[in-house]
Amino acid sequence: ETGVTQSPTHLIKTRGQQVTLRCSSQSGHNTVSWYQQALGQGPQFIFQYYREEENGRGNFPPRFSGLQFPNYSSELNVNALELDDSALYLCASREWTGELFFGEGSRLTVL
Amino acid sequence: TQLLEQSPQFLSIQEGENLTVYCNSSSVFSSLQWYRQEPGEGPVLLVTVVTGGEVKKLKRLTFQFGDARKDSSLHITAAQPGDTGLYLCAGLNTGGFKTIFGAGTRLFVKA
């Protein structure tokens, strides 16, 4: 039990739509990271939030955006969905050592 | 760009056999972690190695961090069907704010 919960667990969208994924992070961890994991691949770093500010970003376009709230929960927003956005989206709370504690993920299917 | 390459990508062995999974990079990492992921779930942390040359043991699993902190290996002794899963190595960049993942090694242990 990592203490990280994500919602929704599964969702289906169509191209061009927008989606918001949510994450409640483990108590005491003020850093949250988001990853995209395509089928058969390792997780790809999207971005990271520390104390409500983005402090690191991977190679993802601006239509991937996020928020972190004062209670350290977080959202990932994706605009103008494309078919290739279909993936498992993972949220992780992060220790200062870099260790990540993942939720079970939100599986997004874009049709 | 820091990259982690894992090999092999896929491994199918009989129960009782030994195996080694490799994680290599041309970059130096502050620390390196190994995770295990089962279908439909997020990755779960197995171990973190920090010091070059460090060796850690977790029951039948032995983890080693290269002297130069660029590579790591995971050795499993007497594999069991319960070891089946996706094994991911992940490195914390020297800036300390981003953890990147390898593509993973999918292990299948047959009874």
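The structure displayed is predicted, hence computed values, not measured ones. Proteins get letters first, then strands, A, B, ... in listed order; numbering begins at 1 in each.
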Problem set entry | Joint hydrophobic cluster, Val47(B) plus Phe29(B), side-chain heavy atoms closer than 4.5 Å | yes

Exercise. At a heavy-atom separation under 4.5 Å, does Gln37(A) approach chain B through its side chain, its backbone, both, or neither?
Worked result: side chain

Exercise. Is it the side chain or the backbone of Thr99(B) that comes within 4.5 Å of chain A heavy atoms, both, or neither?
Worked result: both

Exercise. Does Tyr22(B) OH have over 12 foreign heavy atoms under 6.0 Å away?
Worked result: no

For this session: Identify which part of Leu100(A) has an atom lying under 4.5 Å from any heavy atom of chain B, answering side chain, backbone, both or neither.
Result: both

Seminar exercise, completed: So CG of Asn55(A) and NZ of Lys98(B): to nearest 0.5 Å the spacing works out to 11.5 Å

Exercise. Chain B heavy atoms under 4.5 Å from Tyr35(A): which part of the residue, side chain, backbone, both or neither?
Worked result: side chain

Problem set entry | Heavy atoms of other groups near Leu83(A) CG, more than 12 under 6.0 Å | yes

Exercise. Got a second to check how far Gln44(A)'s CD is from Ile100(B)'s CD1, nearest 0.5 Å?
Worked result: 9.0 Å

Seminar exercise, completed: Distance col, row Leu92(B):CG vs Arg94(A):CZ, nearest 0.5 angstrom, shows 5.5 Å

Exercise. Would Ile46(A) end up clustered with Leu81(A) when hydrophobic side chains under 4.5 Å apart are linked, directly or stepwise?
Worked result: yes

Exercise. Do Gln37(B) and Leu88(A) pass the side chain to side chain contact (heavy atoms under 4.5 Å, CB included) test, and can you show the C-alpha distance, the side-chain angles, and the key distance before you say yes or no?
Worked result: CA-CA 12 Å; Gln37(B) 185 178 22; Leu88(A) 180 68; 4.0 Å; yes

Exercise. Quick one: do Val78(A) and Leu90(A) end up in the same hydrophobic cluster if we chain Ile, Leu, Val, Met, Phe, Trp and Tyr together by side-chain heavy atoms under 4.5 Å apart?
Worked result: no

Problem set entry | Gap separating the OH atom of Tyr35(B) from the CZ atom of Phe102(A), nearest 0.5 angstrom | 5.5 Å

Exercise. Honestly curious: do Leu32(B) and Leu58(B) fall in one hydrophobic cluster under the side-chain, below-4.5 Å linking rule?
Worked result: yes

Problem set entry | Asn59(A), CG atom: more than 12 neighbouring heavy atoms under 6.0 Å | no

Exercise. What residue, out of Glu99(A), Arg107(A), Glu104(A), Arg57(A), has the most heavy-atom pairs lying under 4.5 Å from chain B?
Worked result: Glu99(A)

